[in-house]
Amino acid sequence: MANEFTAEFLTLRDRYIEKGFGRLNPVQKEAVFCTEGPLLILAGAGSGKTTVLVNRIANIIRYGSAHGSSWLPRAVTEEDLMELRTAMMMNTPLPAGLRSMMAKDPARPWNVLAITFTNKAADELKNRLAAMLGPTEGGDVNASTFHSACVRILRRDGERLGYPKSFTIYDTDDQQRAMKEVYKQLMVDDKFLPIKACIGQIGRLKDQLIAPEDALAAPIDSKAGLIAKVYDAYQKRLRSAGAMDFDDLIFNTVQLFMKEREVLEHYQNKFRYILVDEYQDTSVAQFHLVRLLAGGSGNVCVVGDDDQSIYRFRGATIENILNFEHHFPGAKVIRLEQNYRSTSNILDAANCVIQNNQGRKGKTLWTENGEGTKVHHYEAESEQDEASHIATVIGQHLRAGGKLRDHAILYRMNAQSNPVETYFARAGIPYKIVGGQRFYDRKEIKDIVSYMSIVANPRDDLRLRRIINEPARKIGATTIEKVAQLAQQEGTCMLDICARAGQFSELGRAAGALNKFYGLYQQMQEAATALPLDQFVSKLMEISGYEAMLRASGDEGVSRLENLGQLVSSVKTYADQKGLDASLEGFLEEVALISDLDSYDQDTDVVVMMTMHSAKGLEFDYVFILGLEEGVFPSELSRYSDEDLEEERRLCYVGITRAKKELYLSSSQSRMIFGQTRRNRPSRFLTEISPDLLEEERSPRLNRGGERSPYDRGGRSPYDFGGRAAAANRGYLNGDYNRSPAGSGSYGQSGGTGRGYGRVSSTEQPTQRRWTSTTAQPAAQPAKAAGEKPKFRPGDIVDHKVFGRGQVLKVTPVAGDTIVEIQFERVGIKKTMANYAPIKLVK
DNA sequence: ATCGATAAGATCGAC
DNA sequence: TCTTATCGAT
């Protein structure tokens with residue numbers, strides 16, 4: 001077939017294909033054009049791995065494996081050559097006759113399966129693919145998490161494993177409830193085997209594809225034997241409820257594939273190309289899933305960074321990435337080491353830290369970005385001092401034209417956000433906490449969702465127990481136990497017993513209440529078929545009496561009702577989005593698989609706070625990492641295990657590499673942990689960073705020469721509010737203050753975490769003491785100068801540490817304090833608390 | 001059945 | 001310090 005034009009045509013074709021990927025560096029291109037066979041991409045932080053994934057998928061869909069190959073469907077003619085040359089030169093589309101020569105076995109979008117760590121990452125991938133390939137082609141690529149991919153597979157074929165099509169997905173809360181029942185049943189003492197630990201162990205077993213029978217067969221010791229028994233009982237319980245926990249989703253999919261050849265083959269044929277992101281955080285079960293799926297084509301591409309493996313404690317095995325070449329013989333390895341995100345100072349600091357780890361594949365990131373400023377280290381006196389310093393820095397950036405949303409505050413534990421939150425809330429700095437409690441974890445939401453899941457899966461006794469007497473229906477604990485027992489005897493579910501309650505004399509007077517509950521269930525079923533999804537949910541809240549119950553319960557009920565309102569609107573959003581595909585099961589699935597991180601929206605202009613774990617995969621111009629102290633980060637518990645310590649170090653590496661422009665590390669000499677003030681040494685991670693990369697700053701509140709601060713002399717520190725103030729906060733949460741108009745930008749939406757709104761003390765407020773020296777004084781100085789009241793009046797000109805200069809618009813006294821609404825020169829209108837905000841009167 | 005008091009425990013946390 | 005769970009009392 002070869003003729004005189006062939007060689008030139010092939011060269012030209014490669015060049016033509018490459019044109020579409022012109023922005024990539026040579027190594028990235030290599031990854032994009034390596035489409036066949038196993039491929040491991042070791043992608044350092046900020047090395048453009050998502051870009052590579054997106055471009056690689058685009059290449060597979062557009063050109064298949066044409067690039068670099070000598071494949072041709074027919075002989076090349078001189079005319080072909082001319083046309084290709086012209087198209088390239090003039091940038092015109094290819095003539096139809098040529099198009100078939102450009103693409104060798106291109107995949108259709110649905111032949112590609114891309115697995116990401118979070119839903120958010122999957123969405124980002126889809127969006128970028130849609131931008132590159134157009135909405136139809138891009139939208140048809142399967143991009144999802146392991147769990148949602150598995151749910152889809154199990155919904156289709158899970159019946160072969162004995163699960164109903166509309167199985168319920170149990171979250172950690174459901175798991176614990178189920179486990180409690182197992183403990184009761186087997187009379188296990190949770191002091192001997194804590195429930196959480198047990199759930200964790202069982203999770204690890206599932207991660208390793210060990211079924212209950214396997215665990216029962218070969219217990220290593222008596223404790224393992226007990227766990228095996230609990231595991232077995234737990235699994236039976238879930239099975240009869242028609243429910244799976246998160247680990248089951250993976251485990252059962254692997255089981256399904258191993259048992260049912262044809263199911264596996266179906267997916268092997270469907271997914272010709274498989275891509276897995278964050279491979280360093282996959283489990284053994286997930287590895288097997290990938291191996292099975294890739295078994296057909298062998299076209300599996302995994303992307304990961306062994307230095308960013310931070311979920312070992314949860315069953316992720318770093319060995320997956322270390323052994324990839326062994327698992328998939330003939331694998332090609334590509335390293336992306338050029339970083340496009342951070343300055344070289346930040347990168348060097350990250351390298352300094354991570355090189356102290358032993359077990360790594362080893363790589364050194366480099367960048368062509370400039371040196372940037374040095375990494376800042378601030379040594380604070382207390383966590384409040386730490387918070388105040390951050391506010392000051394953010395203030396400086398804001399005045400220089402920076403945006404709030406370019407700032408991220410990262411910490412080791414969720415609890416560490418508290419002092420910063422308190423400070424920011426009082427100072428009126430808008431922020432948002434990502435992570436922590438999910439919206440869907442709230443009791444009222446979980447209750448209504450339980451009602452919904454009973455409609456979808458009446459077999460689910462666990463969720464039924466949750467709501468059978470909520471609101472109170474005179475069905476007490478004893479009755480519930482009797483019903484459960486009867487269900488067991490009759491080999492049916494509890495709801496069925498409710499329906500036939502009259503037949504069982506042992507239920508006595510309770511039969512009426514149970515029958516009535518079954519009537520409610522029937523009504524709900526009717527509503528589910530008759531009404532659109534969102535109206536169904538509203539109806540459900542009404543006929544179950546849940547709404548009435550909340551309405552009758554005062555203050556807290558009102559805010560819960562508001563949350564339920566939000567639930568209804570998210571159901572509506574879901575229904576609108578999915579159109580005809582919308583279903584109750586589909587919504588429940590989304591609820592079960594969504595995380596708080598997924599709702600993080602980079603467009604709202606607020607400072608974000610999250611743990612370093614949550615920050616994985618994100619980037620920010622300015623990153624603050626708090627609490628770099630021994631015992632905090634690295635955490636106390638990691639101190640005695642080298643492996644745990646290395647994981648902490650990787651976490652530190654992840655944290656550092658989130659920063660694009662500037663990195664602010666801080667440590668505090670004293671910190672309150674679990675109610676006790678502790679003094680910690682600065683973190684070893686700080687000392688690991690070469691001193692010439694660091695710029696040290698000490699809090700002015702720390703006296704030189706190790707002298708004790710004046711507050712140590714027995715007096716109460718000005719920050720020591722005691723517990724009362726915190727307890728009093730609640731009153732505020734329902735006050736007007738939180739409902740600051742969304743447009744004003746004050747107070748970030750807290751993404752339904754229920755935090756984020758300032759915890760503002762409303763009683764016994766010490767009045768403000770005006771400060772004389774800006775730096776030496778703590779910003780939110782609630783000095784105890786009884787009697788003196790803050791005097792801000794509309795028209796006053798004030799200076800705010802963060803927002804700069806502004807004019808007071810409105811002053812509203814509230815219990816013990818005053819809300820001051822200020823029109824700032826640079827950042828618009830904000831509301832702050834007079835007693836705590838870092839403001840001073842200028843005129 | 002529901003409220004209030006007291007005791008225990010508290011990481012990191014995707015899906 | 002703060003939350004959540006469980007127990008005991010009405």
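Naming: A, B, ... by sequence-line order, numbering from 1 per chain. Source: prediction; values computed, not measured.
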Subject >> Short N-O contact, A:Arg152 and A:Glu589, less than 4.0 angstrom >> reply: no

Original post:
Among B:dG13, B:dA14, B:dT11, which nucleotide sits nearest the side chain of A:Thr118?
Top reply: B:dA14

Subject >> Sub-4.5 Å side-chain heavy-atom contact between A:Lys120 and A:Asp123 >> reply: no

Subject >> Integer-rounded Å distance: B:dC12 C1' and A:Gln308 CD >> reply: 16 Å

Original post:
Of the nucleotides B:dA1, C:dT1, B:dC12, which has the atom closest to the A:Asn469 side chain?
Top reply: B:dA1

**OP:** Rounded off to whole Å, could you give me the CD-to-P distance for the A:Gln676 and B:dG9 pair?
**Re:** 16 Å

Original post:
Got a sec: does the CD of A:Glu643 have more than 12 other heavy atoms crowding it under 6.0 Å?
Top reply: no

**OP:** Look at the side chain of A:Thr611 and decide which nucleotide, out of B:dC12, B:dT11, B:dA14, has an atom nearest to it.
**Re:** B:dC12

Subject >> DNA chain B: 5'-proximal contact among A:Lys196 and A:Thr172 (nearest heavy atom) >> reply: A:Lys196

**OP:** Measure the distance from CD on A:Glu278 to C1' on B:dG13 and round it to the nearest whole Å.
**Re:** 15 Å

**OP:** Please examine the side chains of A:Met179 and A:Lys196, heavy atoms only from C-beta on, and report whether any two atoms are closer than 4.5 Å.
**Re:** no

Original post:
What integer distance in Å separates A:Met549:CE from B:dA1:P?
Top reply: 15 Å

Subject >> Non-neighbouring partners of A:Arg684 that pass salt bridge (charged side-chain N to carboxylate O under 4.0 Å, His left out), sequence neighbours left out >> reply: A:Glu630

**OP:** Look at A:Glu181 together with A:Arg465 and state whether they make a salt bridge at an N to O cut-off of under 4.0 Å.
**Re:** yes

Subject >> Selected nucleotide, minimal atom distance to A:Tyr311 side chain, candidates B:dG13, B:dT11, C:dT6 >> reply: B:dG13

Original post:
Between A:Lys184 (NZ) and C:dT6 (P), how many Å, whole number?
Top reply: 10 Å

Original post:
Salt-bridged, A:Glu386 to A:Arg671, with N to O below 4.0 Å?
Top reply: yes

**OP:** Please report, rounded to the nearest Å, how far the P atom of C:dT4 is from the CD atom of A:Gln176.
**Re:** 12 Å

Subject >> 5' precedence on DNA chain B between A:Ala472 and A:Glu648 (nearest-nucleotide basis) >> reply: A:Ala472

**OP:** Check every atom of B:dT11, B:dC12, B:dA14 against the side chain of A:Arg314 and return the nucleotide holding the closest atom.
**Re:** B:dA14

Subject >> Residue list, salt bridge (charged side-chain N to carboxylate O under 4.0 Å, His left out) with A:Arg466, at least two apart or on another chain >> reply: A:Asp173, A:Asp447

Subject >> Selected nucleotide, minimal atom distance to A:Phe313 side chain, candidates B:dT11, B:dG13, B:dT2 >> reply: B:dG13

Original post:
Mind pulling the stems DNA chain B is in, i.e. runs of at least three Watson-Crick or G-U pairs, everything under 3.5 Å?
Top reply: B:1-10 with C:1-10

**OP:** Compare the minimum distances between each of B:dA1, B:dC12, B:dG13 and the side chain of A:Met413, then state the nucleotide with the smallest one.
**Re:** B:dC12

Original post:
Can you tell me if the side-chain N/O atoms of A:Asn414 get under 4.0 Å from OP1 or OP2 in B:dG13?
Top reply: yes

Subject >> Euclidean distance, atom CG of residue A:Asp173 to atom C1' of C:dA5 [Å, nearest integer] >> reply: 13 Å

Original post:
Stacking check: are the rings of A:Phe117 and B:dA14 less than 5.5 Å apart at their centres and under 30 degrees in tilt?
Top reply: yes

Subject >> Atom-to-atom span, CD of A:Glu421 to P of C:dC2 - whole angstrom >> reply: 13 Å

